[in-house]
A.B. asks: 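After the C-alpha cells below, expect a handful of questions from me.
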Protein chains: 2
Amino acid sequence: MARRNTNRRVGIADVAEKAGVSHATVSRVMNGNAAVDPGIAARVRAAAAELKYQPNPVGRSLALGKTDTIGIVVPDLANPTFQAILRGLSIAAAQDGYRVLIADSSEVTSEEAILAGEARRRCDGVVLCAPRMGDAELEELAPTLHPLVLINRTTIATNTPSLSVDYGQGIQELAQHLVSLGHRRLVFLSGPEHSASNRQRLVGLDQFRKEHPEIELQMLPGGSNFDSGHECTDAIIASGGTGILAFNDLVAMGLLSGLHERGIRVPEDISVTGFDDIPFAKYTTPPLTTAAVPINELGSLAWRRMREQIQQTGDAPAQAQDEFSPRMEIRKSTAAPALKPA
Amino acid sequence: MARRNTNRRVGIADVAEKAGVSHATVSRVMNGNAAVDPGIAARVRAAAAELKYQPNPVGRSLALGKTDTIGIVVPDLANPTFQAILRGLSIAAAQDGYRVLIADSSEVTSEEAILAGEARRRCDGVVLCAPRMGDAELEELAPTLHPLVLINRTTIATNTPSLSVDYGQGIQELAQHLVSLGHRRLVFLSGPEHSASNRQRLVGLDQFRKEHPEIELQMLPGGSNFDSGHECTDAIIASGGTGILAFNDLVAMGLLSGLHERGIRVPEDISVTGFDDIPFAKYTTPPLTTAAVPINELGSLAWRRMREQIQQTGDAPAQAQDEFSPRMEIRKSTAAPALKPA
DNA sequence: AATAAGCGAGAAAGCGTTTTCTCAGAGGGT
DNA sequence: ACCCTCTGAGAAAACGCTTTCTCGCTTATT
C-alpha cells in the first residue's frame with residue numbers, strides 16, 4: 001500500500017480516538033447528517049478543534065463521488081475575454097463552495113478533447129470555452145463530458161446548455177457603422193481558422209455583402225492576439241482598405257500599434273474596429289470602437305447553468321441555450337475616411 | 001456507502017474481468033511498475049483500449065497520496081498581473097503533467113488563510129500570490145502549507161522559496177524620472193493597505209525623500225484597480241501635484257481616464273506613471289510610463305520552485321529567494337511640467 | 001410488567017486505486 | 001530426482017472518508 005502511516009496528517013481516526021468514539025460518529029458530527037447525542041457531538045467537536053482536524057477532501061471525494069470542483073478549458077489564457085470568463089466562473093462557483101481547475105489548450109485543437117476528458121475525470125463538470133475542435137468531434141465528446149456547459153459553441157444532437165454571442169450580427173453592425181461613416185473599402189482580419197465565432201463573423205459578413213454589393217470587402221488571414229494584429233500591418237496597408245474590422249480587440253490593438261509605427265493615423269487615415277470590448281479597449285490610443293460582449297456575465301451564467309445540471313435530480317433536462325447580442329461601442333478609432341474612394 | 005454500482009463508469013475491475021486477470025495486474029500494466037508477462041500485458045492493454053478505460057484520478061490520488069495539482073491563491077483575478085502569473089504557472093505546470101486550481105480571495109484578507117488551507121488539502125502544493133495577511137499569520141501559516149512558493153512576499157523564520165520584485169527601487173526610479181523632467185510636486189497614489197508591495201514602495205519613497213528633501217511628495221490613499229484610480233481624480237487635482245506615481249498600471253489607467261474626463265491633459269498638465277507594465281500599458285492614451293515587472297517569467301519560475309520542492313527527496317531544502325529588478329519603460333504619459341512650481 | 005418502538009452508536013462495507021504480501025509454478029543446480 | 005531460487009500473478013490491505021447495517025439500550029404503550 002502507499003506510504004506507511006508515519007507522521008501522518010491528522011485524520012478522522014485521530015479525532016475518533018481522542019473523543020473516544022468511532023470514526024463513523026466523527027463523520028456524522030462533522031457532516032451533521034444523522035442525530036448524534038449532543039454531549040458526544042460536543043466532545044467530538046472539541047477533539048476536532050483541538051487537533052485542528054480538517055477532513056481530507058480526496059477521501060471525501062472518493063466516498064461521495066463528487067469533488068466540488070469544475071474544470072474549464074480555454075484556448076488561450078492570455079486572452080482577456082477568457083480571463084474574464086474564468087474570473088466570473090470562479091467567483092460564482094466559489095460562492096457555492098466549488099473550485100475551478102483550469103486547462104489551457106494553447107490553441108492546439110488536438111489537445112482539447114484530452115484536456116477536457118482529464119478535467120472531467122477530476123471534476124464534477126466541465127466548461128468548454130470556445131472549443132476549436134470540429135463539430136463531429138464535439139458532438140461525440142459532449143455526452144462523455146456530461147455536466148457540460150459550452151461557451152461560444154452549440155451542439156445539435158446532444159442537447160447541451162450553451163452560452164453564445166451573436167458575432168454575426170455584431171460584425172454586421174460594425175461594418176454598417178464603417179459604411180455609414182463613408183467607408184467603401186473594408187477589410188476583415190479573420191481569426192483562428194477553427195474558431196466557431198470566426199465562422200459566425202464570416203457568415204455575418206456574407207450577409208452584409210449581399211445587402212451591400214457596392215462595398216468592397218476583403219478578407220485577410222489573421223489570428224487572435226496582439227502579435228497577429230501587428231504582423232498584419234503591412235498587408236492591411238497594401239490592401240488599400242480604409243475600414244478595418246479586426247477579429248477582436250487584441251488584434252485591433254496590435255494593428256493600432258503597427259499602424260502607429262508606420263506613421264499611419266487612426267482614424268484619420270484608417271479606421272479600425274475591434275470586438276469584445278475588453279476592459280482595456282476604452283484606454284487604447286485612440287479608444288477603440290468595438291462590439292461589446294457581456295464578458296462579466298458569461299462566467300457567472302456559465303456557473304448557473306452548470307449548477308443547474310449538477311443539482312439536477314435526474315429528471316427532465318430542459319437545457320438552456322442563452323444567446324447574447326453584442327452592443328455597439330462607438331469610440332475614437334473610427335471616423336469618416338479622409339479620401340473619397342474611386 | 002455511497003452510490004450503488006449502478007451504471008458506473010468503467011473501472012479497473014471491468015478491465016480485469018475482461019482480460020481475465022486481477023485488478024492488481026491491470027494496475028501493474030497501466031503503470032508499468034512491475035514485470036508482467038508480455039502476453040498478459042497485451043491482453044490487458046487490449047481490454048483497456050476496448051473499454052476506453054481511464055483510471056479514476058480520485059482513487060489514484062488517495063492511493064498515491066498526491067493529486068498532480070497545485071493551487072494558486074491570488075487577491076484579485078481581475079488584475080492582469082495575477083492573470084499573467086496564473087497563466088505562466090499553468091502552462092509551465094501543464095508541461096510537467098500538473099494542473100492548477102485557482103482561488104481568488106477578492107482582497108478579503110481574512111479569507112486568504114482559509115482558501116490557502118483548502119487549496120493545500122486538495123493539492124500537492126500552493127502558490128501564494130501577493131498575500132495581504134499579516135507577517136505573523138503568514139509565518140504561522142507557511143509551514144502548514146509546506147510545498148509553498150511565495151510571490152511578492154517573503155518569510156523570515158520559515159525558509160520558504162519566494163519570488164519578489166524590488167518595488168522600492170522601481171518606485172524610486174520612477175520618482176527620479178519625474179524629478180529629472182522638472183517635476184517638484186509629486187503624489188503617490190498608494191495601493192491596498194495590506195499589500196506588501198505597497199509597503200515596499202512606501203519604504204522606497206522614504207528613501208527618496210531623504211535623498212531629495214527639496215521635493216514635495218504627498219501620499220494619497222488609493223487602491224489597486226481602475227476604479228480606485230478613477231475615484232482619485234479629484235483628490236489628485238486638488239493636491240496640486242504635477243507628477244503622479246500610481247500604485248500600478250491599472251490605477252494609472254483609471255486616473256488617465258478620470259483626468260481626461262476633467263479635460264486635464266496628460267502629460268502636458270500632469271504626468272502619470274504606472275507600475276508592472278501589463279501588456280496593455282503601451283496601448284493607453286497616452287502610452288504609459290511604467291516600471292516593467294517580468295510577469296511572464298514569474299509564473300513559470302514559480303512552478304520551477306514548486307517542482308523543486310515536490311520532487312525533493314526529503315534532504316536539504318536550499319530554498320531559493322529570487323528577486324527581480326523592474327526595468328524603466330519611459331513612454332508618453334510623462335513629460336516636463338508646463339508651469340514652473342512656486 | 002412485558003413487548004414494541006425508537007434512538008443512537010459501532011461495525012463494516014464500499015468508493016477506485018496502488019502496493020505489499022503470499023504463494024504457485026517453472027527452471028536450474030547438484 | 002530433489003530442492004532451492006526466481007518470476008510473476010492473485011489476495012488483501014491500505015489510502016481517508018461516508019453510509020448502510022446491525023444491535024444494544026432506553027422509553028412509550030397496553
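Chain identifiers are assigned alphabetically (A, B, ...) following the order of the sequence lines, protein sequences preceding nucleic acid strands; residue numbering begins at 1 within each chain.
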A.B. asks: Any idea which of C:dC15, D:dG8, C:dT18 is nearest the B:Ala35 side chain?
C.D. replies: D:dG8
A.B. asks: If you measure only the distance, is there a donor-acceptor pair under 3.5 Å linking the side chains of A:Ser164 and A:Ser162?
C.D. replies: no
A.B. asks: Search all heavy atoms of A:Arg9 against all heavy atoms of A:Asp14 and return the closest pair with its distance.
C.D. replies: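 Scanning both residues, the minimum pair turns out to be O-OD2, 4.1 Å.
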A.B. asks: Angle between the two end axes of the helix from C:dA1-D:dT30 to C:dT30-D:dA1, five base pairs per end, rounded to 10 degrees?
C.D. replies: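 The value is 60°.
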A.B. asks: B:Val36 side chain: which of D:dC17, D:dA9, C:dG10 is closest?
C.D. replies: D:dA9
A.B. asks: Counting C-beta onward and ignoring hydrogens, is there a side-chain heavy-atom pair between A:Arg121 and B:Asn56 closer than 4.5 Å?
C.D. replies: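 Not touching, per the 4.5 Å side-chain cut-off.
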A.B. asks: Between A:Pro38 and B:Gly11, just flag the one whose closest nucleotide in DNA chain C comes earlier from the 5' side.
C.D. replies: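 Its nearest nucleotide lies further toward 5', so the answer is A:Pro38.
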A.B. asks: Using atom CD of A:Gln54 as one end and atom P of D:dG16 as the other, report the distance to the nearest whole Å.
C.D. replies: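 In whole Å, D:dG16 P lies 15 Å from A:Gln54 CD.
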A.B. asks: Does atom CD (B:Glu17) have a neighbourhood of more than 12 heavy atoms from anything else shown, all under 6.0 Å?
C.D. replies: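 At most 12 heavy atoms, drawn from other residues, nucleotides or ligands, come within 6.0 Å of this atom.
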A.B. asks: Can you identify which nucleotide, out of D:dC17, C:dT18, D:dT19, has its nearest atom closest to the B:Asn31 side chain?
C.D. replies: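 Out of D:dC17, C:dT18, D:dT19, the nucleotide with an atom closest to B:Asn31's side chain is C:dT18.
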A.B. asks: Nearest-Å distance, CZ (B:Arg43) to P (D:dA9)?
C.D. replies: 9 Å
A.B. asks: To the nearest Å, how far apart are B:Glu17 CD and D:dA11 C1'?
C.D. replies: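 Checked: the CD to C1' distance equals 17 Å.
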A.B. asks: Looking at D:dA9, I'd like to know if its phosphate oxygens (OP1 or OP2) sit under 4.0 Å from a side-chain N or O belonging to B:Thr25.
C.D. replies: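 Result: no.
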A.B. asks: Measure from NZ on B:Lys66 to P on C:dG16 and round the result to the nearest Å.
C.D. replies: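 Spelled out: NZ on B:Lys66 to P on C:dG16 is 21 Å.
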A.B. asks: I need the CG-C1' distance between B:Leu62 and D:dT18, as an integer number of Å.
C.D. replies: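 To the nearest whole Å, that distance equals 13 Å.
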A.B. asks: Report yes or no: is there a donor-acceptor pair, N or O only, under 3.5 Å between the side chain of A:Arg28 and the base of C:dG10?
C.D. replies: yes
A.B. asks: Which atoms form the tightest heavy-atom contact between B:Arg120 and B:His146, and what is the distance?
C.D. replies: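 Closest approach of B:Arg120 to B:His146: NE-N, 4.2 Å.
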A.B. asks: Rounded to whole Å, how long is the line connecting atom CG of B:Leu64 with atom P of D:dG16?
C.D. replies: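 About 13 Å, once rounded to whole Å.
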A.B. asks: Could you tell me which non-hydrogen atom of A:Ile151 sits nearest to which non-hydrogen atom of A:Ala302, and how far apart they are?
C.D. replies: CD1-CB, 4.0 Å
A.B. asks: Check the distance between D:dT19's C1' and A:His23's NE2 and give it to me in whole angstrom.
C.D. replies: 11 Å
A.B. asks: Closest approach of A:Tyr98 and A:Ile70, non-hydrogen atoms and distance?
C.D. replies: CD2-CG2, 4.2 Å
A.B. asks: Under 4.0 Å: is that the gap between some side-chain N or O of A:Asn56 and OP1 or OP2 of D:dC15?
C.D. replies: no
A.B. asks: Looking only at side-chain N and O atoms, does B:Tyr53 come under 4.0 Å of OP1 or OP2 in C:dG16?
C.D. replies: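 No, B:Tyr53 has no side-chain N/O under 4.0 Å of OP1/OP2 on C:dG16.
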A.B. asks: To the nearest Å, how far apart are B:Met30 CE and C:dT19 C1'?
C.D. replies: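 Distance check: B:Met30 CE to C:dT19 C1' gives 17 Å.
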A.B. asks: Does A:Arg121 make a side-chain donor-acceptor contact with the base of C:dG16, cut-off 3.5 Å?
C.D. replies: no
A.B. asks: Looking only at non-hydrogen atoms, find the nearest pair between B:Arg43 and B:Gly20 and report the distance.
C.D. replies: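 What the structure gives for the nearest pair is NH2-O, 3.8 Å.
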A.B. asks: Heavy atoms from C-beta onward define the side chain here; which of C:dA9, D:dT19, C:dT17 lies closest to that of A:Asp37?
C.D. replies: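 When the side chain of A:Asp37 is considered, C:dA9 is the closest of C:dA9, D:dT19, C:dT17.
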A.B. asks: Which nucleotide in the list D:dT19, C:dT17, D:dC17 gets nearest to the side chain of A:Ala24?
C.D. replies: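 Among the listed nucleotides, the one closest to the side chain of A:Ala24 is D:dT19.
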A.B. asks: For A:Val58, which contact category applies under a 4.0 Å heavy-atom criterion: base, sugar-phosphate, or nothing?
C.D. replies: nothing
A.B. asks: Let's see if you can work this out: which of C:dT17, D:dC17, C:dG10 has an atom nearest to the side-chain heavy atoms of B:Pro55?
C.D. replies: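 Among C:dT17, D:dC17, C:dG10, the one nearest the side chain of B:Pro55 is C:dT17.
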